[in-house]
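Okay, so here's the structure we're looking at.
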Amino acid sequence: MKLTSTAPFADRIRQELNPPQAEAALYTGGPLLVLAGAGSGKTRVITYRIAYLIHDCGLSPWNVLAVTFTNKAAGEMKDRVAGLVGGSPRGLWIGTFHSICSRILRTDGKAIGLDPHFTIYDRSDQLSTVKRVMKDCGIASQEAKPNSILNAISRAKSRFEWPDLFAANAKNYFEDLVSRVYRRYQDTLRVNKALDFDDLLMESVRLLKENEEIRRGYQKRFQHVLVDEYQDTNQPQYLLLRELRRDCPHICVVGDDDQSIYKWRGADLRNILEFQDQYPNAKIVRLEQNYRSSKVIISAATEMIGANKGRLGKTLWTAKEDGDPIGVIRLPDDSAEAYWVCDEIQRLHSQKNLAFRDFAVFYRTNAQSRQFEEECIRRGVPYNIVSGLAFYERMEIKDALAYARLLVNPSDRVSFERVVNVPKRKLGAVTVSKLIDYADRSKKNILRAAWDTASDRGSGLSAAAAAAFHQFADVFRYCHSRAAELTLAELFNELLNRSGYRAYWEAESDPQSDARLENIDELINAASQFEADIRRNEGSQPIDSIMMLEGFLENATLVSDQDSVNENEDKVSFMTIHAAKGLEFPCVFMVGMEEQLFPHQRSLDEPNDLEEERRLCYVGVTRAKVKLYLSHVESRRQHGRFEWAQPSRFIEEIPSRYREELSWRGADHLKHPYPTDNFTIHDELIVQEDASFQSGDMVNHRSFGFGVVLGVEGEGGKARITVDFQNVGQKILIQEYARLQKV
DNA sequence: CCTCAAAACATTTTT
DNA sequence: TGTTTTGAGG
């Protein structure tokens, strides 16, 4: 277990990390707060720290828990730790809060009365539950929007208020409504054997609080806990950590109070601001050296965020060069904005040898993406809209998963209602309500009740409806009976074929439904991939297909594998600023920098909300490595109407010495406004082509086109290559900048 | 029970 | 302007 023979990992840490980073990675004297500025290498610190703990400190990987918010972050962390210690350590837990909680609850949830086969409800499952409950309570959706009720419930949960407490605290009519829905919503989840995202956390905390023995087990196991993005933790997450680390606070949290942008989702900035109060002997380490952006960008960001009060305080600096000023441009309207941005991207792409993947466009609201998408299509600029709708959010995928969930958990009414009439089985809302009543009366799970309607007169359903229900339920009975002999993919296929779901899309003949069928195949593909992975890891242990399916479903709900930025594709990225967090790009456009839009009008009343908008802006600005543009328009089409707009206050908060006002002279490319762009292309911008060239090679250049190599002087990246281009004649190019492609 | 057209509505969304 | 919810009519 102990690797005493090899050189201490600590030596490597002192060599490869800067002093504050090393201090953070090596400190084991108690609670530790690492304030990690944007681009300061926090993941590096966490991964080196994990490696240090298991390599030098005699800890088994089993004793270390690392918690992140996203699966992407967890995956990246796993990979990097594996890279450091040579192979992924067995027993090391790196995962999201939710996946860790779900694992705890599936193992030990029985102690507080949870079924280990519980289903996890995502946002849309929650919403359908709320809608149903509102109907049952006789609350019209005009009285209160289902969405705001759900938000209120979720916020109550993140304050750890169960229905009773919430009801006692309800102060106004709306909260009374919420309280009624909340109670019934929670009952429904229990009947359905379902937990929503918030429940995963709350129930875990409850389990650890109520069960001494189980708590001790986890405490003994997790001797070191590391938490990433601590500024985004909410109350239950804080409590969970506290329960896990109650007696022996080897806890290390990493975060940046200036990058907290999820307060509206329950994140509680106090967790990080008051860490020292909660752990009086906590040590604080600040990581202030930024390795990402130019001096201008860092200074601008620092000045801007300085307008916020209530910060822990941190001064970023960088060793990089000053860089170009931030380009600010005012445009007549939103379509001109899209025109100008795409035009500028094309210009830089051809004149600066930047790849399309070097560009990103950030906006405040998703609705703004359309203009850019259209402009890109018009010009043939390759683009990718990040986080449009995730694969797992697509209708056909949700349907297929609902079938699967119902197979695993026959009590899951939300899934039942979703698919019972897809394809159409003449089982409308009224008929289904009757079945639900019958299930309640006879205390049967919903699938069992559906099956029994055929033989039980007590259901009060028409013969036709009873037959339809029975036939529907029989598909699941059949699949269950064959689960032992089928692979996961076969089982899934069987389910979708027998239920008629696949035929339902095959019957449609438009190209849309073909795409849907492909998505379904993709899902089944993923399932069989999942099965292969499990079988490889678990060895020869026989695993029942139903259990396998359960694992796959969990993966599908908890891992919303959104099509994120694919670094292999050479495309411009478009995304909301929220989605940009954690990413970086050489050249960034922040568009729609206008009052009412950014800061958004809904945040103007509350000073705290305004500060969050400013942090959001800070996050956006600090994504840029080399060049940043801010654009705003005189009038913008919003909800179909033209609205006049003023420049965002955030622009003014950047001192003018860091800005350069650009001017727009119309959509004529001959009168194009040329900004001063003497930014050099840093090494990291260059995709180093490892090809070497020699005389006679046929090559292609992005702007000069096709040509023949006449001669090469020097070697490697600095080699000077003389090329005779078909259209522009002879040119001498430096290999590392030219990005020549052999033809 | 289903369909389609009018009406209402419109931040951000790691799990 | 696009999307989602509603209610009237088939």
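Below, read A as the first sequence line, B as the second, and so on, with proteins coming before strands; counting in each chain starts at 1.
Of the possible donor and acceptor atoms, one in the side chain of A/Gln237 sits under 3.5 Å from a partner among the backbone N and O of A/Asn234. No donor-acceptor pair closer than 3.5 Å links the side chain of A/Ser459 to the backbone N or O of A/Tyr438.
At the heavy-atom level, A/Asp232 lies under 4.0 Å from base atoms of the strands shown. Residue contacts for A/Thr431: at a heavy-atom cut-off of 4.0 Å it reaches the sugar-phosphate backbone alone, with no base atom in range. Looking at heavy-atom distances under 4.0 Å, A/Arg123 makes no contact with the nucleic acid at all.
In this structure, the NZ atom of A/Lys72 is 10 Å from the P atom of B/dT15, given to the nearest Å. Between the CD1 atom of A/Ile577 and the C1' atom of B/dT12 there is a distance of 9 Å, given to the nearest Å. Rounded to whole Å, the distance from CE on A/Met395 to C1' on C/dT3 is 13 Å. Residue A/Lys135 contributes atom NZ, which lies 8 Å from atom P of C/dT6 at whole-angstrom precision. B/dA10 atom C1' lies 9 Å from atom NE2 of A/His600, rounded to whole Å. Rounded to a whole Å, the CZ atom of A/Arg155 is 14 Å from the C1' atom of B/dT12.
Here the separation of C/dT4 from B/dT13, taken at their P atoms, is 15 Å to the nearest Å. When the C1' atom is compared between C/dT6 and B/dT11, the two are found 24 Å apart, to the nearest whole Å. B/dT12 and C/dT5: their P atoms are spaced 15 Å apart (whole Å).
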With the criterion being N/O to N/O and under 3.5 Å, what pairs connect the protein with nucleotides 2-9 of chain B, and how long is each?
from  : atom 1 : to       : atom 2 : distance (Å)
B/dC2 : OP1    : A/Asn421 : ND2    : 3.0

Task: Pairing annotation in dot-bracket form, given for DNA chain B with Watson-Crick or G-U pairs under 3.5 Å and | for cross-strand partners - done: ||||||||||.....
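The nucleotide whose nearest atom lies closest to any side-chain atom of A/Tyr262 is, among B/dT11, C/dT5, B/dT13, B/dT13. You'll find that the side chain of A/Val430 is closest to B/dC1, out of B/dT13, B/dC1, B/dT11. Listed nucleotides B/dT11, C/dT5, B/dT12 differ in distance to A/Lys131; the shortest reach to its side chain belongs to C/dT5. Nearest nucleotide to the side chain of A/Thr576, out of B/dT13, B/dT15, C/dT1: B/dT13.
A heavy-atom distance below 4.0 Å to DNA chain C is reached by these residues of residues 632-646 of chain A, ordered by number: A/Arg637, A/His639, A/Gly640.
Look at A/His98 and the base of B/dT15; the rings do not stack under the cut-offs of 5.5 Å between centres and 30° between planes. Aromatic stacking of A/Trp264 on B/dT12: satisfied, with centres closer than 5.5 Å and planes within an angle under 30 degrees.
Scanning all heavy atoms of the two residues, the minimum distance from A/Glu611 to A/Ala307 falls at OE2-O, 4.5 Å.
Toward the 5′ end of DNA chain B lies the nearest nucleotide of A/Arg602, the other residue of the pair A/Ala267 and A/Arg602 mapping further downstream.
For A/Arg364 against B/dT12, a side-chain-to-base donor-acceptor contact under 3.5 Å is present.
Contact check on A/Arg516 versus A/Asp399 returns no salt bridge, with no Lys/Arg side-chain nitrogen under 4.0 Å from an Asp/Glu carboxylate oxygen. A salt bridge links A/Glu612 and A/Arg615; the closest N-O separation between the charged side-chain nitrogens and carboxylate oxygens is under 4.0 Å.
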